[in-house]
Amino acid sequence: MVFAASPLHADTSSTAGGAIEIKNLAKRYGSVRAVDDVSLVVRPGEFLALLGPSGSGKTSILMSIAGFELPDSGSISIDGRDVTYLPANQRNLGMVFQKYTLFPHLSVRDNVAFGLKMRGVAKAERLRLAEQALATVRLEGYGDRMPAQLSGGQQQRVALARAIVYRPKVLLMDEPLSALDKNLREEMQLEIKRLQSQLGITVVFVTHDQGEALTMADRVAILSQGRIQQLDEPKALYERPRTRFVAGFIGETNFMPVEVQSLLPGGALVQLPGGANPTEVRAEGLVGNIVARGDAVGALRPEQITLADPDDPAALRAVVNGVIYGGSTVLCVAQLTDGTELRARLPDPSRVNVMAGDCVGLRWPVEALRVYGADAGAEVAAS
Ligand code: ADP
Ligand code: MG
């Protein structure tokens, strides 16, 4: 279903996806820094997700790229051309919003063809391209329907067809799936991924749903308070979060106070809570400024923890506070001797036979513990 070359696109270069470069973008609303010195590059054909809690500045960044918001400072270029102050309708970007925003009085076909009409494309060509776009989103045969006759998922497909019909090099999407229920959302995630690789288009996708960002995107920018905390591939975000904010935001994390005893070549020796079992942490697990005899924060994924004998000298002693059945896993909440609670997510529920009150040992692979210095907190942006 790849689009054939057409006069509409005879002048485009060979790459289907545009490159976006954002430099030192800033946008304030009164005293709120909605976007606070954001710089990032989106590669041609890349699927980039902007992920962060509500109010972290995702929409403000997207609207600046689209040209619906003017930044206070900084610049945005697309394929090397500065578009910072270019009107939205001259940027040739596709947009899909959370609300489908279809014209209710126009048929599906006319909704899709509308943007082409605005661009002066002749009628026969408009209808042909609209049919093609509808086929691309798997809505062949729906052209004559009215939007109200479609389900939410189908309406969002029409919105998608409308955004891609004039074959923009960049597609911007702001929480496009959050109005859909879970099953439909997952189906549409796959659909959008398929479409993106088929068209080779660059996508910037805003979401507050980490699962959505991690499954769909090539790279994810984690935002907090208008700043990029980390921009990385999903695996790196999960395995090597560079700030405590990211460690807490992506997946589940146990945080615990640790004391750095000494620095080692390529690592450190840290004292765990409860005064037990000094542990050697390798440098790849050290984040920020770690100093000898300083306090720091240890971070550990629950699925990295396994249960051991309480007398195992390599394990931390703990008392089980609760065991929560979770389908394919069991969550075991255990308390260390100093009161710190750790959560262990254990596979294979049928083989977990501990209960509240039991004394257990907790173990994990040495590389699983990450140690964050005081400067690697929520406020620190990744450089
Ligand atoms: P997100 O999309 O991540 O939820 P936004 O970019 O919409 O975040 O908002 C970032 C911050 O800017 C929030 O604190 C929000 O309240 C504020 N903000 C956004 N748009 C406006 C506006 N038009 N007027 C005033 N404040 C705004
Ligand atoms: Mg938003």
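Whatever order the structure lists ligands and atoms in, that order sets their numbers, starting from 1.
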Which of Leu336, Asp311, Asp312 passes side chain to side chain contact (heavy atoms under 4.5 Å, CB included) with Arg317? It is Asp311
Picking from Val206, Leu223, Thr207, what satisfies side chain to side chain contact (heavy atoms under 4.5 Å, CB included) with Leu51?
Thr207
Which atom pair, heavy atoms only, marks the closest approach of Phe47 to Ile192?
CE1-CG2, 4.1 Å
Which of the numbered atoms in ligand 1 are below 4.0 angstrom from a heavy atom of [X]?
{"X": "Ser56", "answer": "1 (P), 3 (O), 8 (O)"}
{"X": "Ser60", "answer": "5 (P), 6 (O), 9 (O)"}
{"X": "Pro53", "answer": "3 (O)"}

Minimum-distance protein heavy atom relative to [atom]:
{"atom": "atom 18 (N) of ligand 1", "value": "Tyr29 CD1, 3.3 Å"}
{"atom": "atom 12 (O) of ligand 1", "value": "Ala34 CB, 3.3 Å"}
{"atom": "atom 14 (O) of ligand 1", "value": "Val32 CG1, 3.5 Å"}
{"atom": "atom 7 (O) of ligand 1", "value": "Thr59 CB, 3.7 Å"}

Atom 4 (O) of ligand 1 within contact range, any protein heavy atom under 4.0 Å:
yes
Is any side-chain heavy atom of Leu48 less than 4.5 Å from a side-chain heavy atom of Ile20?
no
Taking 2.8 Å as the distance threshold, tell me the number of protein N/O/S atoms next to the Mg ion (ligand 2).
1
Compute the minimum heavy-atom distance from Gly52 to ligand 1 and say whether it is under 4.0 Å.
no
With a 4.5 Å cut-off on side-chain heavy-atom distances among I, L, V, M, F, W and Y, is there a chain of contacts connecting Leu300 to Leu331?
no
Distance under 6.0 Å and angle within 45° of the ring axis: does Arg244 meet both against Phe255?
no
Evaluate side chain to side chain contact (heavy atoms under 4.5 Å, CB included) for Tyr29 paired with Ser60, printing each intermediate quantity in order.
CA-CA 10 Å; Tyr29 296 103; Ser60 299; 3.9 Å; yes
Can you tell me if Asp37 and Ser39 form a side-chain donor-acceptor pair at under 3.5 Å?
no
Can you check side chain to side chain contact (heavy atoms under 4.5 Å, CB included) on Leu127 and Arg109, steps first, answer last?
CA-CA 7 Å; Leu127 296 182; Arg109 182 181 300 104; 3.5 Å; yes
Please indicate whether any nitrogen or oxygen in [X] is less than 3.5 Å from any nitrogen or oxygen in ligand 1.
{"X": "Gly57", "value": "yes"}
{"X": "Gly55", "value": "yes"}
{"X": "Lys58", "value": "yes"}

So, Thr202 side chain and Gly18 main chain: donor-acceptor pair closer than 3.5 Å or not?
yes
Decide, yes or no, whether a salt bridge links Glu191 with Arg194 under the criterion of side-chain N to carboxylate O below 4.0 Å.
yes
Identify whether the distance between the nearest side-chain nitrogen and carboxylate oxygen of Glu284 and Arg240 falls below 4.0 Å.
no
